[in-house]
Amino acid sequence: MHPQSQKPSFSFAVESRLRDSTSPPAADFQGRTGTITTPHGDIKTPAFIAVGTKATVKAVLPESMKELGAQALLANAYHLFLQPGADILDEAGGLGKFMNWDGPTFTDSGGFQVMSLGAGFKKVINMDAVTSGGADDDVAAGKERLAHVDDDGVWFKSHLNGDRHRFTPEISMQIQHQLGADIMFAFDELTTLMNSRGYQEQSLERTRLWAERCVTEHDLLTAARSHRPYQALFGVIQGAQYEDLRRKACRDLGAMDFDGFGIGGALEKENLGTIVRWCSEELPEDKPRHLLGISEPDDLFTAIENGADTFDCVSPTRVARTSAFYTPDGRWNLSNARFKRDFGPLVDGCDCYACAHYSRAYIHHLFRAKEMVASTLVSIHNERFIVKLVDDARLAIEDGTFFDLKAEVLGRYYAPR
RNA sequence: GGCAGAUUACCCGAGUGGCCAAAGGGGGCUGACUGUAAAUCAGCUGGCAUCGCCUUCACUGGUUCGAAUCCAGUAUCUGCCA
């Protein structure tokens, strides 16, 4: 289509800069708005990218995701590789076509699964794992490790049937090219908060070398599959809580031919803004920055303020399936008895489909009766809530009212009750 | 009418002399969930209270140092025979 351009259909343009309406522009804020252009449409940033791990946003139709304003969806290479197989999605015409989503798509590389399966326990990924001390208990309990990392890649055992598989940076790229998402992530190793500084350094070097291999393989595959729409590749910044490691990772990967960057790793909540800021200061300004796995309102404002452009998170749908719904006054549990006779919407004034048509009492009943539609309705509401929160933040940056909005929203959301 | 068997906490159900306020489910109440091994996981569920104390295993009365558990009677229910 555009033979003169290597990447004809992917671009990112910064549009407005975060500023403070109430004080002199002393601070050099990193926050910004922009537009990511992909072969399947634009993403106005900051944007929340909904997660559909196995090529479906759990319990929600793509049509509903479109209606609630989701701009893009993110699926997972590890899960789709195991089931149904990347070749199936390739034959289907790619992830978006397969799942009937005509907007932009992302795939994650499977790096997260290396960590979560390799650790052999789940507590380690919690942000407070360091203080919970839960991991040692699980190690003592002898839980099986499903993944083992070496410098070349990872051996996995499928969590579905125990089959042994090999992932390397090259294989992850091959899989993600078959999956066909507009944006994919380099294969990285995600460390935990409990790893030693020495291991963090070793792992970071591994992730750097893997990033180089991803770029090389990606270039080969892009050339070999030139009949397909261009797929952008984002490098993933690790380095845990260490400033020097984060900055080094940004400089190393920033010099490589990536289209954008993911900021990954297990983050302690209180360090999130600082870490994003380090990355924003080091990474090329004209490339988008995706913060992986974040969606709590305070984290979103903090990350946007410090220069993150996009986010993805399982939280809106996961907590929805266990009956938690977002309100401007915090996250509440709809299965609580107090909602049994509450015939109002989940949130007054919410423009989502669930709030337009159904009451708290009704959805409370559906949860009690274990009816599937309960998950659907609350997932729609929660996705809408987070998508709109980020949309509002974008508009507020454009208007110069970001800090007013932040104070208002977070003051109410986290007010003691 | 005769014979046999049952009756345990909100429900189902284990327990057949002390380790029993009583297993396990369900239900109920609550909490957690941040690149999804998650329609999952955890706690509580007789009462009051800090260890502890008090009242419970259909009811009444016994046996025993000690009873949900053994004995007798009563009530209700379920089979089979008339």
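Chain naming here is simple, since letters A, B, ... match the order of the sequence lines and numbering starts at 1 in each. This is a predicted model, so every value here is computed, not measured.
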Do the side chain of A/Arg321 and the base of B/U36 come within less than 3.5 angstrom through a donor-acceptor pair of N or O atoms?
yes
Would you tell me whether A/Thr192 and A/Asn195 have side-chain atoms, one donor and one acceptor, within less than 3.5 Å of each other?
yes
Are A/Asp182 and A/Tyr230 close enough that a side-chain donor and a side-chain acceptor fall under 3.5 Å?
no
Using the P atoms only, state how far B/A6 lies from B/C71, rounded to an integer number of Å.
11 Å
Rounded distance in Å between the P positions of B/C70 and B/G15:
12 Å
Once you apply a heavy-atom cut-off of 4.0 Å, does A/Gly111 come out as touching a base, just sugar-phosphate, or nothing?
nothing
Separation of A/Asn333 atom CG from B/U30 atom P, in whole Å?
8 Å
Gap in Å between the two C1' atoms, one belonging to B/A67 and one to B/C57, rounded:
11 Å
So which of A/Arg247, A/Arg289, A/Arg251 actually passes salt bridge (charged side-chain N to carboxylate O under 4.0 Å, His left out) with A/Glu281?
A/Arg247
Would you say a side-chain N or O of A/Gln113 is under 4.0 Å from OP1 or OP2 of B/G35?
no
What's the CG-C1' distance between A/Leu292 and B/G35, to the nearest Å?
4 Å
Roughly how far apart, to the nearest Å, are B/A23 and B/U40 at atom C1'?
25 Å
Whole-angstrom distance between B/G1 and B/G61, as gauged at atom P
28 Å
Check every atom of B/A39, B/A37, B/G35 against the side chain of A/Leu117 and return the nucleotide holding the closest atom.
B/A37
Using a strict heavy-atom distance below 4.0 Å, which residues from residues 339-347 of chain A are in contact with RNA chain B?
none
Roughly how many Å is it from CG in A/Leu190 to P in B/U34, rounded to a whole number?
13 Å
Are side-chain N/O atoms of A/Asp188 and A/Thr207 paired as donor and acceptor at under 3.5 Å?
no
Could you list the protein-to-nucleotides 41-45 of chain B atom pairs, N/O on both sides, closer than 3.5 Å?
none

May I ask you to say what A/Asp312 touches in the nucleic acid, namely base, sugar-phosphate or nothing, with a heavy-atom cut-off under 4.0 Å?
sugar-phosphate
In Watson-Crick or G-U wobble terms, both distances under 3.5 Å, what is the partner of B/G35?
none
Between A/Ser379 (side chain only) and A/Ser375 (backbone N and O only), is there a donor and an acceptor less than 3.5 Å apart?
yes
Test item: A/Trp332 side-chain N/O and A/Leu334 main-chain N/O as donor-acceptor pair under 3.5 Å:
no
Find the distance A/Leu73:CG to B/U36:C1' and express it as a whole number of Å.
15 Å
Between A/Gln30 and A/Glu305: side-chain donor-acceptor atoms closer than 3.5 Å:
no
Hey, is the side chain of A/Gln238 pairing donor to acceptor with the base of B/G35 inside 3.5 Å?
yes
Can you tabulate the close N/O pairs, meaning under 3.5 Å, that link protein atoms to atoms of nucleotides 24-29 of chain B?
unit_1, atom_1, unit_2, atom_2, d
B/G28, OP1, A/Arg368, NH1, 3.4
B/C29, OP1, A/Arg368, NH2, 3.3
B/C29, OP2, A/Arg368, NH1, 2.5
B/C29, OP2, A/Arg368, NH2, 2.4

Are the side chain of A/Ser359 and the backbone of A/Tyr362 linked by a donor-acceptor contact shorter than 3.5 Å?
yes
Take the protein atom NZ of A/Lys58 and the nucleotide atom C1' of B/A38, then report the distance between them rounded to whole Å.
8 Å
Sugar-phosphate only, base, or nothing, as touched by A/Asp298 at under 4.0 Å among non-hydrogen atoms:
nothing
Donor-acceptor side-chain pairing of A/His40 and A/Asp102 below 3.5 angstrom:
no
Looking at every strand, decide which applies to A/His79 at a 4.0 Å heavy-atom threshold: base, sugar-phosphate, or nothing.
sugar-phosphate
Length of the line joining A/Arg318:CZ and B/C33:P, which is rounded to integer Å
10 Å
Would the distance check show the side chain of A/Lys58 and the main-chain N or O of A/Arg318 forming a donor-acceptor pair, the cut-off being under 3.5 Å?
no
State whether the side chain of A/Asp150 and the backbone N or O of A/Asp152 hold a donor-acceptor pair below 3.5 Å, judged by distance alone.
yes
Quick check on RNA chain B: between A/Ala324 and A/Val57, whose nearest nucleotide comes earlier from the 5' end?
A/Ala324
Write down the distance separating the C1' atoms in B/A9 and B/G27, rounded off to the nearest Å.
13 Å
Using purine N1 to pyrimidine N3 plus N6-O4 or O6-N4 for Watson-Crick, or N1-O2 and O6-N3 for G-U wobble, each under 3.5 Å, what pairs with B/C19?
none
Is the backbone N or O of A/Thr45 less than 3.5 Å from a side-chain atom of A/Thr33, with the two atoms forming a donor-acceptor pair by type?
no
Pair of N/O donor and acceptor under 3.5 Å linking B/U36 base with A/Lys54 side chain
no
For B/G62 and B/A14, measure between their C1' atoms and round to the nearest Å.
28 Å
Does the structure place the NZ or CZ of A/Arg164 under 6.0 Å from the centre of the six-membered ring of A/Phe156, at an angle of no more than 45° from the ring's axis?
no
Using a cut-off of 4.0 Å on non-hydrogen atoms, how would the nucleic acid contact of A/Ser158 be classed: base, sugar-phosphate, or nothing?
nothing
Check this one for me: any side-chain N or O of A/Thr53 less than 4.0 Å away from OP1 or OP2 of B/U36?
yes
How close or far is atom P of B/U34 from atom CG of A/Leu291, stated in whole angstroms?
14 Å
Would you tell me if any nitrogen or oxygen in the side chain of A/Thr322 comes within less than 4.0 Å of OP1 or OP2 on B/A38?
no
Side chains of A/Gln113 and A/Asn76: do they bring a donor and an acceptor to under 3.5 Å?
yes
Checking all strands, does A/Ser375 fall into the base, sugar-phosphate, or nothing category for heavy-atom contacts under 4.0 angstrom?
nothing
Partner of B/G1 under the Watson-Crick or G-U wobble criteria, both distances under 3.5 Å, comes out as B/C81
Report the distance from atom CZ of A/Phe385 to atom C1' of B/U34, rounded to the nearest whole Å.
15 Å
How far does the C1' atom of B/U64 sit from the matching atom of B/C51, given to the nearest Å?
31 Å
Please report whether the ring centroid of A/Phe325 lies less than 6.0 Å from that of A/Phe339.
yes
